[in-house]
Number of protein chains: 2
Amino acid sequence: MEDAGQGIDWRSVCPISSALDVLGDKWSLLIIRDLLMHGPRTYTQLLGSGEHISTNILATRLNLLVSLKLIERMVPDAKARNNAFRVTESGAALRPILDAFAGWAQTYLDEFHADMLKIV
Amino acid sequence: MEDAGQGIDWRSVCPISSALDVLGDKWSLLIIRDLLMHGPRTYTQLLGSGEHISTNILATRLNLLVSLKLIERMVPDAKARNNAFRVTESGAALRPILDAFAGWAQTYLDEFHADMLKIV
DNA sequence: CCGCATCCGTTACGATACTG
DNA sequence: CAGTATCGTAACGGATGCGG
């Protein structure tokens, strides 16, 4: 499958809306988070990441993120086994956004989620 | 319904994960965007916003965002008719994140979505 | 074993009709 | 105007199977 933006139904021409068409789900940004925090990680390593994503969802998300070039395989033309994923420039550019989400949550979600980590 | 964080199943203690437990969907941040761009807006005005959210989804999201204090009604104890929603401090604090999403999309989604607005 | 794909029950979403 | 009720569809989530 060599499609790219075809997989996405862009709701409008608004850039914010378009960003959410790609990242507006519960898993994509967590995958990016794991790759940014730990460096390259394999499929199985990503499966073990704290929150519990199921196998089919992870595979689907990884394919989408690869097709949109937010992440890539370390060895492009090797077989999947132990061929870790890493962020591209596009994915790495999301780091400030993830940091901002963390700060926002610590400030404004504290009263609703007392167990949340205070320092990252 | 006077619940708050009970409505949310927090997946982990990670602040990023927790932020996405609240905002990790296709509509919540778009509602915040509309309120930040246009100021207070009524239910019907929000319904008319470019992307087409359906009535039940909007009502559900508004209730969740109110319960988590990201938005509030202009006149707390008045009836719903013409009682617009506005962002609280919590919701307003998301403005830099939305701006960052816009910039990211314009830079990295351009090749997949040529019609996207270049300037906001 | 690792990296998925498939099957299937459950949940969320989305469009439309309808109500106070 | 501001929602709720209903119902069909799509996405999710867990279990399992299977090739390399």
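In what follows, chains carry the letters A, B, and so on, assigned in the order in which the sequence lines appear, proteins first and then strands, with residues in each chain numbered from 1. All values derive from a computational prediction rather than experimental measurement.
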Round to a whole Å and report the spacing from [atom1] of [X] to [atom2] of [N].
X      : N       : atom1 : atom2 : value
D9(A)  : dA11(D) : CG    : C1'   : 14 Å
E51(A) : dC12(D) : CD    : P     : 16 Å
R61(A) : dC4(C)  : CZ    : C1'   : 16 Å
I57(A) : dA10(D) : CD1   : P     : 16 Å
L58(B) : dC13(C) : CG    : P     : 13 Å

Is there a side-chain contact between [X] and [Y] (heavy atoms, below 4.5 Å)?
X      : Y      : result
L65(B) : S28(B) : yes
Q45(A) : D34(A) : no
S17(A) : L30(B) : yes

### Task
Not counting sequence neighbours, which residues clear side-chain contact (heavy atoms from CB on, under 4.5 Å) with P40(B)? List them please.
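P40(B): side-chain contact (heavy atoms from CB on, under 4.5 Å) contacts with M74(B), A84(B), R86(B).
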### Message
Between E72(B) and T88(B), is there a side-chain donor-acceptor contact under 3.5 Å, judged purely by atom types and distance?
### Response
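Absent: no donor and acceptor within the cut-off.
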### Message
Short of 4.0 Å, heavy atom to strand atom, which residues of residues 18-30 of chain B count as contacting DNA chain D?
### Response
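The answer is none.
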### Query
Is the Lys NZ or Arg CZ of R33(B) less than 6.0 Å from the centre of W27(B)'s six-membered ring, within 45° of the axis?
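No, R33(B) does not sit over the ring of W27(B).
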### Query
Where do A92(A) and L36(A) come nearest, in terms of heavy atoms and distance?
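Nearest pair, atom of A92(A) first, then L36(A): CA-CD2, 4.0 Å.
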### Message
Let's go through D21(B) and R11(B) carefully: what are the C-alpha distance in whole Å and the side-chain angles of both, what is the deciding distance for salt bridge (Lys or Arg N to Asp or Glu O under 4.0 Å) to 0.1 Å, and is it a yes or a no?
### Response
CA-CA 7 Å; D21(B) 287 336; R11(B) 283 175 291 181; 2.7 Å; yes
### Task
Could you run through nucleotides 1-7 of chain D and give me one letter per nucleotide, 5' to 3': B if any protein heavy atom sits under 4.0 Å from the base, S if only the sugar-phosphate is that close, - if neither?
BSBBBB-
